[in-house]
Amino acid sequence: MILHRFCPLCHSKSLSAFSLDTKRLGPHISRVKCNDCKIVFANPMADGTELNEYYQLYYEKDHYEAMSYRNLILDHFNRIKGLTQQEIKTEAKYLSNLREGMKFLDVGCGLGLGLAYANQMNCQLYATEYDSGALEFVKTYFKVETHHGDLEGAQYPNDFFDFIHISHVIEHVLDPRAYIQEMKRILKPGGILAIGTPDISSKLYTWHRWFNFLRFRIPDVIDGLEHTFIFPKERLRSLCEEEGLVVVNHYTHNLGEKFSRLMAYQMPLSKKINRLIQNAFHVNQWIICK
């Protein structure tokens with residue numbers, strides 16, 4: 001475990017307690033907030049070895065298993081095969097700058113939803129992922145060059161990719177600034193970087209904290225306990241700009257889950273209600289940079 005005495009992003013020593021969760025399973029139980037740059041992060045934080053161990057067979061754990069996530073992804077694969085390029089860009093706004101034939105890197109590709117969109121647009125596919133089972137899964141369905149492990153370990157050449165897609169990964173890494181620097185290095189001049197991640201400045205998170213304060217309780221963690229860094233919308237933007245990126249678009253959105261599918265998940269009713277509430281708020285964000 002790593003104990004942070006100062007903010008890993010701005011190096012401020014002004015930290016305050018933010019949330020605590022000792023009930024659910026996960027590599028972290030507590031979070032703090034930097035009072036200067038407003039980032040929220042796990043503290044103490046699992047180290048690289050502990051996280052690598054945790055992410056093995058990640059998509060067969062907890063709520064992923066309850067959602068029959070692989071079957072859900074396969075349904076999306078079949079649906080995406082019938083979409084036109086314009087329909088893809090309408091459905092997935094963060095891909096609005098993607099063009100046919102581009103070199104497309106999916107960082108932390110998971111089970112390959114981003115790859116499915118890019119494949120339908122006849123892009124050259126590349127992917128990194130910690131979960132070896134997930135990599136075997138995507139290689140079954142796509143012609144993709146993969147790297148098992150961390151982005152930096154892939155050692156891609158400078159100015160190599162036209163489009164880099166990183167969806168719900170930046171909140172899992174130990175050094176988000178280094179990740180952004182590495183993605184900028186391997187991105188071609190004028191290329192596009194699309195980052196999707198939770199938005200801790202969402203009204204839902206704010207109201208949840210105040211609801212607990214009014215009950216004289218320490219706020220618990222309502223997103224993934226494996227998350228290392230949770231970005232407020234403005235802090236994600238400022239970090240990208242600090243690293244010399246130009247923000248093209250930045251927006252928030254909800255989970256986008258259909259009620260009928262949510263009710264079919266094999267999870268307790270209380271968890272279904274929690275996800276239904278999350279679906280009513282803009283809890284996630286996408287920032288598009290070049």
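Everything numeric in this text was worked out from a predicted model, so none of it was measured. All residue numbers in this chain count up from 1 along the given sequence.
- Note: Tyr130 and Tyr54 fail the aromatic proximity criterion, with ring centroids not under 6.0 Å apart.
- Sorted by first and then second residue, the pairs that involve residues 209-219 and meet side-chain hydrogen bond (donor to acceptor under 3.5 Å, both in side chains), not counting sequence neighbours, are His208-Asn212.
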Evaluate side-chain contact (heavy atoms from CB on, under 4.5 Å) for Leu115 paired with Phe104, printing each intermediate quantity in order.
CA-CA 8 Å; Leu115 293 173; Phe104 178 92; 4.2 Å; yes
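- Defined by atom type and a distance below 3.5 Å, a donor-acceptor pair is present between the side-chain atoms of Asp106 and His165.
- When each of Met1, Lys33, Arg5, His4 is tested with Asn43 by the rule side-chain contact (heavy atoms from CB on, under 4.5 Å), just one qualifies, namely His4.
- Here the side chains of Asn119 and Ile80 are not in contact, with every heavy-atom distance at 4.5 Å or above.
- A 4.5 Å side-chain heavy-atom check between Pro8 and Phe41 finds at least one atom pair inside the cut-off.
- Looking at Ser16 and Asn35, their side chains do bring a donor and an acceptor atom within 3.5 Å of each other.
- In summary, the aromatic rings of His172 and Tyr55 are positioned with their centroids under 6.0 Å apart.
- Residues Lys233 and Asp199 are not paired through a salt bridge, judged by the lack of any N-O separation under 4.0 Å between the basic side chain and the carboxylate.
- A 6.0 Å sphere centred on CZ of Phe6 holds no more than 12 heavy atoms belonging to other residues, nucleotides or ligands.
- By the 4.0 Å N-to-carboxylate-O rule, Glu234 lies too far from Arg237 to be salt-bridged with it.
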